[in-house]
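For the numbers below, each heavy atom of this structure counts, side chains included, while hydrogens, waters and symmetry mates do not.
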Protein chains: 2
Amino acid sequence: MSAVSDSIERFIIELLSESNDIELRRNQLAQYFGCSPSQINYVLTTRFSPEKGYLITSKRGGGGHITIARIQTDKQELLYSLISGGIGDSLDKGRAKSIIQRLYNEKIVSLREAHLLWAAMEDSALLPHAACDKQRAVTLKRMLTTLLKEE
Amino acid sequence: MSAVSDSIERFIIELLSESNDIELRRNQLAQYFGCSPSQINYVLTTRFSPEKGYLITSKRGGGGHITIARIQTDKQELLYSLISGGIGDSLDKGRAKSIIQRLYNEKIVSLREAHLLWAAMEDSALLPHAACDKQRAVTLKRMLTTLLKEE
DNA sequence: TAAAGTCAAAAGTCAAGGAAAGTCAAAAGT
DNA sequence: ACTTTTGACTTTCCTTGACTTTTGACTTTA
């Protein structure tokens with residue numbers, strides 16, 4: 001069924017719903033889920049990236065730990081920073097998804113709107129061309145700009 | 001002799017009569033029907049296309065799966081007719097605008113959503129002008145299709 | 001006793017391998 | 001002729017393990 005990584009992700013999100021930042025031991029968590037410790041890193045980098053609105057800090061050695069914090073952002077500020085620099089000139093599907101996910105998490109767009117944004121990011125919605133990623137970047141920025149203007 | 005594809009189709013339709021939205025593993029299903037996995041794709045593309053009123057999403061890799069969702073066609077006939085025929089293969093800016101205007105008038109999309117749709121319809125410097133209208137048609141259809149998915 | 005050295009216990013990195021779905025064209029039915 | 005079916009190949013995502021780096025606690029030494 002659903003992969004172990006998904007369970008770990010849900011677990012962490014659950015913890016984060018209690019408080020804004022959490023601290024955990026990598027090995028302990030790995031043992032709890034019966035997986036290798038480095039899989040924790042995999043989950044963190046793929047699902048809790050800065051792009052998705054999370055900040056990871058950690059400490060090695062004795063008494064080491066990992067801290068995961070949700071980034072607090074002003075909505076306008078986030079939109080603006082995405083448009084002017086955050087997105088850049090080229091945007092692959094993975095990053096597009098992360099960004100849209102975050103806009104939804106931060107309640108900047110509704111679920112419906114997120115789906116609209118995502119639909120415009122699909123390869124099948126773009127030209128079959130090498131410049132696909134560039135196209136994506138331009139389109140997303142254009143769409144976000146309209147959101148910015150409205151409020 | 002009724003083809004295996006027909007059985008698979010009936011099977012899926014049966015599942016969809018229970019819930020509006022099902023998730024299945026491709027390999028498992030293929031094994032169940034004693035056919036090759038890629039035949040599942042064949043069935044999905046020939047019998048469960050958006051034009052026929054279905055939406056397919058999937059994930060690869062470990063824990064991967066395919067989800068099939070039935071589209072609500074009764075309540076949203078306008079969307080449906082636009083997607084399957086109304087928009088066609090090519091769409092200039094004027095037609096795009098009037099379609100979006102109509103969607104808003106009919107209260108199928110909010111003002112914000114209309115703006116998002118419109119933003120994705122703008123000409124982009126990156127696109128070769130000749131292909132522009134085709135691009136627009138594909139993108140708009142893609143976006144409307146996702147709206148159908150939600151109830 | 002304070003600086004330096006040692007060690008084990010963390011976490012990090014990365015590449016290889018595995019698991020699942022996607023694609024496409026050729027073969028096989030009808 | 002047209003639809004089905006298959007299999008080889010591709011792409012995407014997940015999992016692991018071997019190796020590295022960092023740290024705090026403990027030990028040694030002047």
Side-chain angles (χ1 to χ4, degrees), chain A residues 1-12 21-52 54-69 91-98 101 118 121-126 128 130 132-133 136, chain B residues 1-12 22-52 54-69:
Chain A
M1 265 311 161
S2 98
V4 176
S5 291
D6 293 339
S7 309
I8 300 174
E9 178 187 14
R10 278 197 300 274
F11 183 80
I12 294 176
D21 63 74
I22 61 171
E23 178 175 311
L24 40 84
R25 324 310 268 341
R26 189 181 76 149
N27 287 348
Q28 189 177 302
L29 195 57
Q31 196 168 21
Y32 178 71
F33 280 99
C35 66
S36 73
S38 55
Q39 182 154 11
I40 305 300
N41 296 87
Y42 173 74
V43 173
L44 293 181
T45 54
T46 56
R47 278 113 152 138
F48 296 90
S49 61
E51 202 114 85
K52 292 205 166 80
Y54 299 93
L55 193 61
I56 310 291
T57 53
S58 66
K59 211 167 105 181
R60 306 184 185 191
H65 57 86
I66 298 176
T67 317
I68 308 169
L91 181 67
D92 65 33
K93 238 161 117 180
R95 281 185 61 223
K97 194 161 194 173
S98 298
Q101 173 76 52
W118 179 239
M121 297 293 101
E122 297 264 24
D123 280 337
S124 60
L126 302 170
C132 213
D133 286 352
R136 231 190 301 268
Chain B
M1 217 51 224
S2 100
V4 176
S5 290
D6 293 340
S7 309
I8 300 174
E9 179 186 12
R10 278 198 301 275
F11 182 81
I12 292 175
I22 62 170
E23 176 176 314
L24 40 85
R25 329 294 305 273
R26 189 182 75 149
N27 287 348
Q28 192 175 299
L29 194 58
Q31 196 169 21
Y32 179 71
F33 281 99
C35 66
S36 73
S38 55
Q39 182 155 10
I40 305 301
N41 296 87
Y42 173 72
V43 173
L44 293 181
T45 54
T46 56
R47 280 118 151 135
F48 296 90
S49 61
E51 277 74 19
K52 296 216 163 83
Y54 298 92
L55 252 196
I56 311 291
T57 54
S58 66
K59 199 169 124 185
R60 305 183 187 191
H65 57 85
I66 298 176
T67 53
I68 307 170

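Spacing between atom CZ of B/Arg60 and atom P of D/dT15 amounts to 17 Å, rounded to whole angstrom units. For the pair B/Leu29 CG and C/dG22 P, the interatomic distance rounds to 12 Å; values are reported in whole Å. In this structure, OH of B/Tyr42 is placed 15 Å from C1' of C/dA26, rounded to the nearest angstrom. As a whole-Å value, the separation of B/Glu23 CD from C/dA20 P is 13 Å. In this entry the distance linking CD1 of A/Ile8 with P of D/dC13 reads 17 Å, nearest Å. Rounded to an integer number of Å, the gap from CG of B/Leu24 to C1' of C/dA21 is 12 Å. For the pair A/Asn41 CG and C/dA15 C1', the computed distance is 15 Å after rounding to whole Å. Going from atom NE2 of A/His65 over to atom P of C/dA11 covers 9 Å, rounded to whole Å.
Listed nucleotides: D/dT5, C/dT23, C/dA11. Nearest to the side chain of B/Gln39: D/dT5. Considering only side-chain atoms of B/Ile66, the nucleotide from D/dT5, C/dA21, D/dT23 that sits closest is C/dA21.
A heavy-atom distance below 4.5 Å is found between the side chains of A/Phe48 and A/Glu9. Contact check for A/Arg26 versus A/Asn41: side-chain heavy atoms found under the 4.5 Å cut-off.
Residue A/Lys97 qualifies as open at atom NZ: its count of foreign heavy atoms under 6.0 Å is 12 or below.
A/Ser49 places no side-chain N or O within 3.5 Å of a backbone atom of A/Thr46 that could act as its donor or acceptor partner. Proximity of a side-chain donor or acceptor of B/Thr67 to a complementary backbone N or O of B/Thr57 within less than 3.5 Å is detected.
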For residues 27-34 of chain A, run the donor-acceptor check on the side chains, cut-off 3.5 Å, and write out each pair with its distance to 0.1 Å, sequence neighbours left out.
none

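Base pairing of C/dT30 is made with D/dA1, judged by Watson-Crick or G-U wobble geometry with both donor-acceptor distances under 3.5 Å. As the counterpart of C/dA25, D/dT6 is assigned, both hydrogen-bonding distances of the Watson-Crick or G-U wobble pattern falling under 3.5 Å.
Not a single donor-acceptor contact under 3.5 angstrom links the side-chain atoms of B/Arg26 to the base of C/dA20. If you check distances only, the side chain of A/Ser38 does reach the base of D/dG17 with a donor-acceptor pair under 3.5 Å.
Using a 4.0 Å heavy-atom distance criterion, B/Ile40 is classed as making no nucleic acid contact. Here A/Gly64 lies in heavy-atom contact (under 4.0 Å) with sugar-phosphate atoms only. If you check every strand for non-hydrogen atoms under 4.0 Å, B/Ser5 touches sugar and phosphate atoms only.
Side-chain nitrogen and oxygen atoms of A/Lys59 include at least one within less than 4.0 Å of the OP1 or OP2 phosphate oxygen of D/dG24. The shortest distance between the side-chain N/O atoms of A/Asn27 and the OP1/OP2 oxygens of C/dA11 is below 4.0 Å.
Each of A/Gly61 and A/Cys35 was assigned the nucleotide of DNA chain D with the nearest heavy atom; the assignment lying further toward the 5' end belongs to A/Cys35. When the nearest nucleotides of DNA chain C are assigned to A/Gly62 and A/Ser58 by heavy-atom distance, the more 5′-ward of the two goes with A/Gly62.
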